[in-house]
Amino acid sequence: MSRRAIAIVAGCVALVLAVVAALPFTPAMPVDDVNVEGAVNLPAEEVTSLSGVETGTPMGRVDVRRAAQDVATNPWVDSVTVKRNWPNAVDVTVVEHTPVAWIDQGGEPHLINSEGKDFVVAQPPVGAVQLVDIGEEQLPKAVEVASAITDVARPQVRELTRDGDHSFVLKLDGDRTVTWGASEDNRNKALALETVLQLDGKTFNISNPELVTSR
């Protein structure tokens, strides 16, 4: 092949590569879908709106970093990842704070996550345990107890309150009460609580999870 032919072929290849490189920045490769995953309490439509990514935007012009930063401004969001899903979609993956408890402050429900962070004022979802008469000193331990309650038992627990400075009591559906005791051996106490839910009676003590008592 002559040098002229080689130069022509090389020029054509370079042109094709340039067109391919530019294609994502043109309307020929638009965003068709914004896929939201992980949103539970936060509506997917709101996540999409916060991201600012609109269908029809050229894929190459989507600012994924800015989109992630904007979604993260919502108090429900613990972390978020935004990435292009070639050829025509953008994926937004959200990890929400999990509200394990809530406190009524001036008539407003403040939701608290497993780390004890008061992260948003919102209607408590099913499974969030109300903390009643819990002071700042007791709050970290109370949150440990609330976090330990299993998904099986959680919907039936209405309140967590204190019995002294270091002991806690749960109030369940049906006017039943369970003395949890101190925030220790919480995993086994949570399993004992599941057992309590299957028993008759109104008052239980699981402060020693190996010896559940009732009266």
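Numbers here are sequence positions counted from 1. All values below were derived from every heavy atom in this structure, side-chain atoms included, with hydrogens, water molecules and symmetry-related copies excluded.
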K.L.:
Under 3.5 Å, side chain of Arg215 to main-chain N/O of Asn205, donor-acceptor pair present?
P.N.:
no
K.L.:
Are any of the side-chain heavy atoms of Met29 and Trp86 separated by less than 4.5 Å?
P.N.:
yes
K.L.:
Answer with yes or no whether the hydrophobic clustering places Val100 together with Val178; edges join I, L, V, M, F, W, Y residues whose side-chain heavy atoms lie under 4.5 Å apart.
P.N.:
yes
K.L.:
Nearest 0.5 angstrom please: Glu96 CD to Ser79 OG, how far?
P.N.:
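Reported value, rounded in 0.5 Å steps: 10.5 Å.
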K.L.:
Identify the heavy atoms of Ala192 and Val212 that sit nearest to each other, and give their distance.
P.N.:
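Taking Ala192 first and Val212 second, the nearest heavy atoms are CB-CG2, 4.0 Å.
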K.L.:
Do Leu170 and Val143 belong together in a cluster built from hydrophobic side chains that touch within less than 4.5 Å?
P.N.:
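Cluster IDs for Leu170 and Val143 match.
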K.L.:
Is Arg176 salt-bridged to Asp173, going by a charged N under 4.0 Å from an acidic O?
P.N.:
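No, this pair does not count.
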K.L.:
What are the two closest heavy atoms between Pro209 and Ser207, and how far apart are they?
P.N.:
CD-O, 3.6 Å
K.L.:
For Lys202, I'd like to know if atom NZ has over 12 heavy atoms of other residues, nucleotides or ligands within 6.0 Å.
P.N.:
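Yes, because the 6.0 Å sphere around NZ of Lys202 holds more than 12 heavy atoms from other groups.
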K.L.:
To the nearest 0.5 Å, what is the distance between CD1 on Ile206 and CG on Asn188?
P.N.:
10.0 Å
K.L.:
Could you tell me if the side chain of Thr150 sits less than 4.5 Å from the side chain of Glu194, heavy atoms only?
P.N.:
yes
K.L.:
Any chance you could lay out the side-chain contact (heavy atoms from CB on, under 4.5 Å) test for Leu191 and Thr195, step after step, and finish with the verdict?
P.N.:
CA-CA 7 Å; Leu191 295 176; Thr195 300; over 6 Å; no
K.L.:
Same cluster or not: are Val34 and Val95 linked, directly or through other Ile, Leu, Val, Met, Phe, Trp or Tyr residues, by side-chain heavy atoms under 4.5 angstrom apart?
P.N.:
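In one cluster with Val34: Val95, no.
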K.L.:
Determine yes or no for a side-chain-to-main-chain donor-acceptor pair under 3.5 angstrom, with Thr57 supplying the side chain and Glu54 the backbone.
P.N.:
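Such a contact is found between Thr57 side chain and Glu54 backbone.
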K.L.:
For the CG atom of Asn35 and the OG1 atom of Thr48, what is their distance to the nearest 0.5 Å?
P.N.:
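The CG atom of Asn35 sits 8.5 Å away from the OG1 atom of Thr48.
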K.L.:
Could you tell me which non-hydrogen atom of Asp70 sits nearest to which non-hydrogen atom of Thr73, and how far apart they are?
P.N.:
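Residues Asp70 and Thr73, closest heavy atoms: O-OG1, 2.5 Å.
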K.L.:
Could you walk me through whether Arg162 and Val169 pass side-chain contact (heavy atoms from CB on, under 4.5 Å), step by step?
P.N.:
CA-CA 6 Å; Arg162 64 188 179 93; Val169 175; over 6 Å; no
K.L.:
Strictly distance-based, threshold 3.5 Å: is any side-chain N or O of Thr179 a donor or acceptor partner for the main-chain N or O of Gly181?
P.N.:
no
K.L.:
Could you list the donor-acceptor pairs under 3.5 angstrom formed between side-chain atoms of residues 120-135 and any protein atom two or more places apart in sequence or on another chain?
P.N.:
none

K.L.:
Rounded to the nearest 0.5 Å, what separation is found between the CG atom of Leu160 and the CD1 atom of Ile149?
P.N.:
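With rounding to 0.5 Å, CG (Leu160) is 6.0 Å from CD1 (Ile149).
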K.L.:
As an exercise, state the distance from CD of Glu184 to NE2 of His166, rounded to the nearest 0.5 Å.
P.N.:
11.0 Å
K.L.:
Indicate whether any N or O donor in one side chain lies under 3.5 Å from an N or O acceptor in the other, for Trp180 and Asn186.
P.N.:
yes
K.L.:
Can you give me the closest heavy-atom contact between Met59 and Pro87, atom names plus distance?
P.N.:
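In terms of heavy atoms, the two residues are closest at CG-O, 3.2 Å.
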K.L.:
Sequence neighbours excluded, which residues qualify as side-chain contact (heavy atoms from CB on, under 4.5 Å) partners of Glu46?
P.N.:
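Partners of Glu46 under the side-chain contact (heavy atoms from CB on, under 4.5 Å) test: Leu42, Pro43, Leu50, Asn74.
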K.L.:
State the CG-CD distance between Asp165 and Gln138, to the nearest 0.5 angstrom.
P.N.:
5.5 Å
K.L.:
Would you say Val31 and Asn88 make side-chain contact, with heavy atoms under 4.5 Å?
P.N.:
no
K.L.:
If you look only at distance, which donor and acceptor atoms sit under 3.5 Å apart when one is on a side chain in residues 104-117 and the other is two or more places apart or in another chain?
P.N.:
residue: Asp104; atom: OD1; partner: Gly107; partner atom: N; Å: 2.8
residue: His110; atom: ND1; partner: Asp118; partner atom: OD1; Å: 3.4
residue: His110; atom: ND1; partner: Asp118; partner atom: OD2; Å: 2.8
residue: Asn113; atom: OD1; partner: Glu115; partner atom: N; Å: 3.0
residue: Asn113; atom: OD1; partner: Gly116; partner atom: N; Å: 3.2
residue: Asn113; atom: OD1; partner: Lys117; partner atom: N; Å: 2.9
residue: Asn113; atom: ND2; partner: His97; partner atom: ND1; Å: 3.1

K.L.:
Can you name the nearest heavy-atom pair linking Ala72 to Val77, along with the distance?
P.N.:
CA-CG1, 4.1 Å
